[in-house]
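Input: a single structure, listed below in structure tokens.
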Amino acid sequence: MPHIAHISLVVRDYDEALAFYVHKLGFTLVEDNQEPNKRWVTIRPPGASLDATTILLARASTPEQLAVVGSQTGGRVFLFLETDNFQRDYDRFTKNGVEWVRPPATMDYGTVAVFRDLYGNLWDLIQRAKIS
């Protein structure tokens, strides 16, 4: 088993989720297959390899699923988006209206800031420190 294929992210609506992740964050739409009673939508960060783990956008279809939209981890940071150029991506996200919860900070492990997605899930934008 070489890697995790998909991580499921419960969303309220496919199209509003795509508008945020693809248009605001610049993610790549990998698949959007629509069948009667089912839609399979996957995305990945821009520049990620073709075999990289993707995010499966899963529309909430029950009251229990709808209740966890935006809080799949109970308020903790849910996903960590690694960048090779923190300032470039921080500036682009800010220009695109991304809401920052914690401003950029330089830590021993790298530069990091926390943002909130359209549903309230917390994400780290992180550039790892270069190890010399």
Side-chain angles (χ1 to χ4, degrees):
M1 290 180 263
H3 71 276
I4 294 172
H6 311 288
I7 294 174
S8 182
L9 177 63
V10 181
V11 301
R12 200 173 35 236
D13 177 84
Y14 290 117
D15 294 325
E16 72 182 8
L18 286 171
F20 180 83
Y21 293 109
V22 173
H23 300 296
K24 280 195 174 191
L25 298 186
F27 276 47
T28 301
L29 177 61
V30 178
E31 295 177 87
D32 188 356
N33 297 317
Q34 298 181 43
E35 301 172 11
N37 303 320
K38 183 177 181 180
R39 187 171 174 186
W40 180 267
V41 180
T42 60
I43 58 175
R44 72 171 157 249
S49 67
L50 296 178
D51 64 347
T53 301
T54 62
I55 296 175
L56 170 68
L57 301 178
R59 187 179 58 80
S61 60
T62 67
E64 293 80 14
Q65 292 171 7
L66 195 55
V68 300
V69 169
S71 187
Q72 288 183 226
T73 58
R76 293 191 59 118
V77 170
F78 179 40
L79 296 167
F80 298 77
L81 185 58
E82 187 170 340
T83 179
D84 61 353
N85 186 324
F86 182 89
Q87 196 62 53
R88 174 199 66 209
D89 293 330
Y90 178 83
D91 291 345
R92 183 169 49 88
F93 287 6
T94 300
K95 179 182 173 192
N96 289 339
V98 169
E99 177 189 355
W100 295 100
V101 176
R102 285 184 224 132
T106 301
M107 313 298 266
D108 290 342
Y109 56 85
T111 304
V112 63
V114 178
F115 67 92
R116 186 183 322 271
D117 72 13
L118 75 162
Y119 298 114
N121 294 301
L122 298 179
W123 290 64
D124 269 5
L125 176 65
I126 184 169
Q127 182 176 3
R128 293 186 203 198
K130 297 199 186 321
I131 299 173
S132 47

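For this chain, numbers begin at 1 and follow the sequence in order.
- Two residues are said to be in side-chain contact when any heavy atoms from C-beta on lie closer than 4.5 Å; Thr83 and Arg88 meet this criterion.
- Closest heavy-atom contact between Glu31 and Trp40: OE2-NE1, 3.1 Å.
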Might you work through the side chain to side chain contact (heavy atoms under 4.5 Å, CB included) test for Phe27 and Leu81, ending with a clear yes or no?
CA-CA 11 Å; Phe27 276 47; Leu81 185 58; 4.0 Å; yes
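- You'll find the side chain of Ile126 reaches within 4.5 Å of the side chain of Tyr109, heavy atoms only.
- Between Val112 and Leu125, every side-chain heavy-atom pair lies at or beyond the 4.5 Å cut-off.
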Begin with the C-alpha distance, continue with both residues' side-chain angles, and end with the deciding distance and a verdict on side chain to side chain contact (heavy atoms under 4.5 Å, CB included) for Leu9 and Leu56.
CA-CA 6 Å; Leu9 177 63; Leu56 170 68; over 6 Å; no
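- In terms of heavy atoms, Ser71 sits closest to Gly75 at OG-N, 3.8 Å.
- Side-chain heavy atoms closer than 4.5 Å link hydrophobic residues (I, L, V, M, F, W, Y) into clusters, and following such links, even through other members, never connects Val30 to Leu18.
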Below 3.5 Å, can you tabulate the donor-acceptor pairs from side chains in residues 1-8 to any protein atom, sequence neighbours excluded?
unit_1: His3; atom_1: NE2; unit_2: Asp51; atom_2: O; d: 2.9
unit_1: His6; atom_1: ND1; unit_2: Thr54; atom_2: OG1; d: 2.5

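- Within 6.0 Å of CZ in Arg128 there are 12 or fewer heavy atoms belonging to other residues, nucleotides or ligands.
- The backbone N or O of Val98 lies less than 3.5 Å from no partner atom in the side chain of Asn96, so there is not a single donor-acceptor pair.
- Each of Val77 and Tyr119 belongs to its own hydrophobic cluster when Ile, Leu, Val, Met, Phe, Trp and Tyr are linked at side-chain heavy-atom distances under 4.5 angstrom.
- The closest donor-acceptor contact from the side chain of Asp13 to the backbone of Asp15 lies under 3.5 Å.
- Within the 4.5 Å cutoff, the side chain of Ile55 has heavy atoms near those of the Leu79 side chain.
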Apply the test side chain to side chain contact (heavy atoms under 4.5 Å, CB included) to residues Leu122 and Phe78: give CA-CA distance (whole Å), side-chain angles for both, the deciding distance (0.1 Å), then the verdict.
CA-CA 6 Å; Leu122 298 179; Phe78 179 40; 5.8 Å; no
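- Side chains of Lys24 and Leu118 form no contact here, defined as non-hydrogen atoms less than 4.5 Å apart.
- Checked by atom type and distance alone, the side chain of Arg116 never pairs as donor or acceptor with a backbone atom of Val101 at under 3.5 Å.
- Across all non-hydrogen atoms, the minimal contact from Gln127 to Asp84 is NE2-O, 3.1 Å.
- In this structure, Leu57 and Tyr21 have side chains that are in contact, with non-hydrogen atoms separated by less than 4.5 Å.
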Which is it for Leu25 and Phe115 under the side chain to side chain contact (heavy atoms under 4.5 Å, CB included) test, yes or no, and what are the steps along the way?
CA-CA 11 Å; Leu25 298 186; Phe115 67 92; 4.1 Å; yes
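- Taking the six-membered ring where tryptophan is involved, the planes of Tyr90 and Trp100 are tilted, since the angle between them lies from 30° to 60°.
- For Gln34, the side-chain contact (heavy atoms from CB on, under 4.5 Å) criterion is met by Asp32, Arg39, not counting sequence neighbours.
- Closest of all the heavy-atom pairs between Val10 and Ala60 is CG1-CB, 3.8 Å.
- With a 6.0 Å radius and a threshold of 12 heavy atoms from other residues, nucleotides or ligands, Arg102 has its CZ atom at or below the threshold.
- The minimum heavy-atom distance linking Trp123 with Asn121 is given by the pair CD1-O, 3.6 Å.
- Taking every heavy atom of both residues into account, Pro45 and Thr28 meet most closely at O-OG1, 4.4 Å.
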